[in-house]
Peer 1: 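I'd like to ask you about the structure that follows.
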Amino acid sequence: MSVKRASDYTFFENVFDVVRQIPRGRVTSYGMIASYLGSKQTSRMVGWAMNRAHDLHPPVPAHRVVNRNGLLTGKHHFSPPESMQLSLEEEGVNVIDDQIIDFKNHIWNPCEELL
DNA sequence: TTCCTGACTCCAG
DNA sequence: CCTGGAGCCAGGA
């Protein structure tokens with residue numbers, strides 16, 4: 001058993017925290033999370049963090065994180081890949097051809113919501 | 001150790 | 001409108 005220390009609370013832990021707070025039926029982008037945490041240029045690190053997210057507890061709803069266009073660019077990292085879209089549609093987010101329909105209407109921006 | 005890649009985004013041409 | 005390069009930083013070979 002490992003205990004979380006303050007010194008372990010890095011950028012990645014912050015990413016997981018933010019993602020875990022995304023409400024059901026809402027989505028956000030890598031860039032928004034990165035921007036909220038300090039620099040939008042670290043958006044790649046957010047994606048990298050998501051790759052590690054599947055093993056974490058409590059679970060991280062990585063399917064609610066897409067790229068800035070509402071495109072499910074990370075679906076191939078789910079097993080099966082379709083599970084990302086299915087999870088979203090279960091929450092009322094329609095997806096066609098890897099694109100979230102009415103994306104801007106589902107956006108949850110941590111910069112505004114998570115002040 | 002160095003080199004390459006990536007679930008991104010922005011900016012220039 | 002589309003394409004390519006740069007910047008970010010951690011891991012794997």
Side-chain angles (χ1 to χ4, degrees):
Chain A
M1 279 301 294
S2 57
V3 178
K4 242 189 245 326
R5 293 183 240 162
S7 56
D8 294 329
Y9 217 72
T10 58
F11 173 84
F12 313 100
E13 293 289 346
N14 286 319
V15 171
F16 301 140
D17 266 358
V18 173
V19 175
R20 281 194 274 249
Q21 291 177 69
I22 302 175
R24 208 179 135 75
R26 295 300 200 84
V27 295
T28 191
S29 75
Y30 307 96
M32 286 180 191
I33 294 174
S35 180
Y36 171 74
L37 293 178
S39 174
K40 60 186 177 188
Q41 301 180 237
T42 58
S43 50
R44 289 186 100 162
M45 296 301 96
V46 177
W48 175 81
M50 290 301 97
N51 205 343
R52 305 275 148 192
H54 70 94
D55 266 15
L56 296 182
H57 302 286
V60 175
H63 62 275
R64 298 188 186 133
V65 185
V66 297
N67 82 343
R68 74 177 183 95
N69 299 312
L71 211 54
L72 276 54
T73 51
K75 61 178 266 185
H76 291 300
H77 293 264
F78 287 76
S79 54
E82 303 79 41
S83 67
M84 184 179 190
Q85 173 172 343
L86 292 176
S87 296
L88 286 171
E89 294 187 324
E90 262 181 50
E91 300 180 356
V93 180
N94 295 318
V95 177
I96 296 180
D97 200 20
D98 297 344
Q99 170 68 51
I100 292 179
I101 304 306
D102 205 7
F103 174 56
K104 62 189 277 273
N105 208 19
H106 289 288
I107 292 179
W108 179 85
N109 190 340
C111 294
E112 301 170 358
E113 313 280 351
L114 210 60
L115 196 62

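Naming convention: chains lettered A, B, ... in sequence-line order (proteins, then strands); numbering from 1 in each chain.
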Peer 1: Could you grab the distance from atom OH of Tyr30(A) to atom CZ of Arg44(A), nearest 0.5 Å is fine?
Peer 2: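 It is 12.5 Å, given to the nearest 0.5 Å.
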Peer 1: Work out how far the P atom of dG4(C) is from that of dT5(B), and round it to whole angstrom.
Peer 2: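 Looking at atom P only, dG4(C) and dT5(B) are 16 Å apart.
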Peer 1: Would you kindly give the CH2-to-C1' distance between Trp48(A) and dG6(B), to the nearest whole Å?
Peer 2: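 Those two atoms, CH2 and C1', are 11 Å apart.
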Peer 1: Which parts of residues 71-99 of chain A get close to DNA chain B, meaning a heavy atom less than 4.0 angstrom away?
Peer 2: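 Output list: Thr73(A), Gly74(A), His77(A), Phe78(A).
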Peer 1: Considering only heavy atoms from C-beta outward, does the side chain of Trp108(A) approach that of Val18(A) to under 4.5 Å?
Peer 2: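 Yes - at least one pair of side-chain heavy atoms lies under 4.5 Å apart.
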Peer 1: Among dG11(C), dA7(B), dG7(C), which nucleotide has an atom closest to any side-chain atom of Met50(A)?
Peer 2: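 Per side-chain heavy atoms of Met50(A), the pick is dA7(B).
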Peer 1: Kindly point out which of dC8(C), dG6(B), dC8(B) is positioned nearest to the side chain of Thr42(A)?
Peer 2: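 From the listed options, dC8(C) comes nearest.
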Peer 1: Has the side chain of Arg20(A) got a donor or acceptor atom that lies under 3.5 Å from a matching backbone atom of Val60(A)?
Peer 2: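 Here the side-chain-to-backbone pair does not exist.
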Peer 1: Can you tell me the distance, in whole Å, between the CE atom of Met32(A) and the P atom of dA7(B)?
Peer 2: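 It works out to 20 Å between those atoms.
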Peer 1: Would you say the base of dC8(B) and the side-chain of Ser43(A) have a donor-acceptor pair closer than 3.5 Å?
Peer 2: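 Yes, a donor-acceptor pair under 3.5 Å.
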Peer 1: Nearest whole angstrom, please: distance from the C1' of dT9(B) to the CD1 of Ile33(A).
Peer 2: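 Taking atom C1' of dT9(B) as the reference, CD1 of Ile33(A) is at 14 Å.
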Peer 1: Please give, in whole Å, the distance from dT9(B) C1' to Met45(A) CE?
Peer 2: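 Those two atoms, CE and C1', are 13 Å apart.
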Peer 1: Just how far, in rounded Å, is P of dT9(B) from CZ of Arg44(A)?
Peer 2: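 From Arg44(A) CZ to dT9(B) P: 11 Å.
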Peer 1: Out of Leu71(A), Ile100(A), Thr73(A), which one pairs with Val66(A) under the side chain to side chain contact (heavy atoms under 4.5 Å, CB included) rule?
Peer 2: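 So the option named by the test is Ile100(A).
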Peer 1: According to the Watson-Crick and G-U wobble definitions, with both distances under 3.5 Å, which nucleotide is paired to dA10(C)?
Peer 2: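 Paired with dT5(B).
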Peer 1: Is the phosphate of dC8(B) approached by Ser29(A) (side-chain N or O, under 4.0 Å from OP1 or OP2)?
Peer 2: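 The answer is no; no side-chain N or O of Ser29(A) sits under 4.0 Å from OP1 or OP2.
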Peer 1: I need the CG-P distance between Asn51(A) and dT5(B), as an integer number of Å.
Peer 2: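 It works out to 17 Å between those atoms.
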Peer 1: Under 4.0 Å between a Lys/Arg side-chain N and an Asp/Glu carboxylate O for Arg64(A) and Glu91(A)?
Peer 2: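 Judged by the 4.0 Å cut-off on N to carboxylate O distance, Arg64(A) and Glu91(A) do form a salt bridge.
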Peer 1: Could you measure the distance from the OG1 atom of Thr28(A) to the CD atom of Glu113(A)? Nearest 0.5 Å is fine.
Peer 2: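 Thr28(A) atom OG1 to Glu113(A) atom CD measures 9.5 Å (nearest 0.5 Å).
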Peer 1: Please state how far atom CG in Leu37(A) lies from atom C1' in dC8(B), giving the value in whole angstrom units.
Peer 2: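 After rounding, the gap between these two atoms is 14 Å.
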Peer 1: Has the side chain of Gln85(A) got a donor or acceptor atom that lies under 3.5 Å from a matching backbone atom of Val95(A)?
Peer 2: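 Flag set: sc Gln85(A) to bb Val95(A) pair under 3.5 Å.
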Peer 1: What integer distance in Å separates Phe11(A):CZ from dA10(C):C1'?
Peer 2: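 Those two atoms, CZ and C1', are 11 Å apart.
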Peer 1: Considering only side-chain heavy atoms of Gln41(A), which listed nucleotide, dT9(B), dC8(C), dG11(C), is closest?
Peer 2: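 Closest nucleotide to the Gln41(A) side chain: dC8(C).
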Peer 1: Categorize Ala49(A) for me: base, sugar-phosphate, or nothing, with a 4.0 angstrom heavy-atom threshold over every strand shown.
Peer 2: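 Result for Ala49(A) = nothing.
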Peer 1: Any strand counts, and the cut-off is 3.5 Å on both contacts for Watson-Crick or G-U wobble. Which nucleotide pairs with dG13(B)?
Peer 2: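 Paired with dG13(B), as far as the under-3.5 Å criterion goes, is dC2(C).
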Peer 1: Grab the two heavy atoms, one from Ser29(A) and one from Val65(A), that are nearest each other, plus how far apart they are.
Peer 2: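 Distance-wise, the nearest heavy atoms are C-CG1, 4.1 Å.
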Peer 1: Between dC10(B), dG11(C), dA10(C), which nucleotide gets closest to the side-chain atoms of Arg68(A)?
Peer 2: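 That would be dC10(B).
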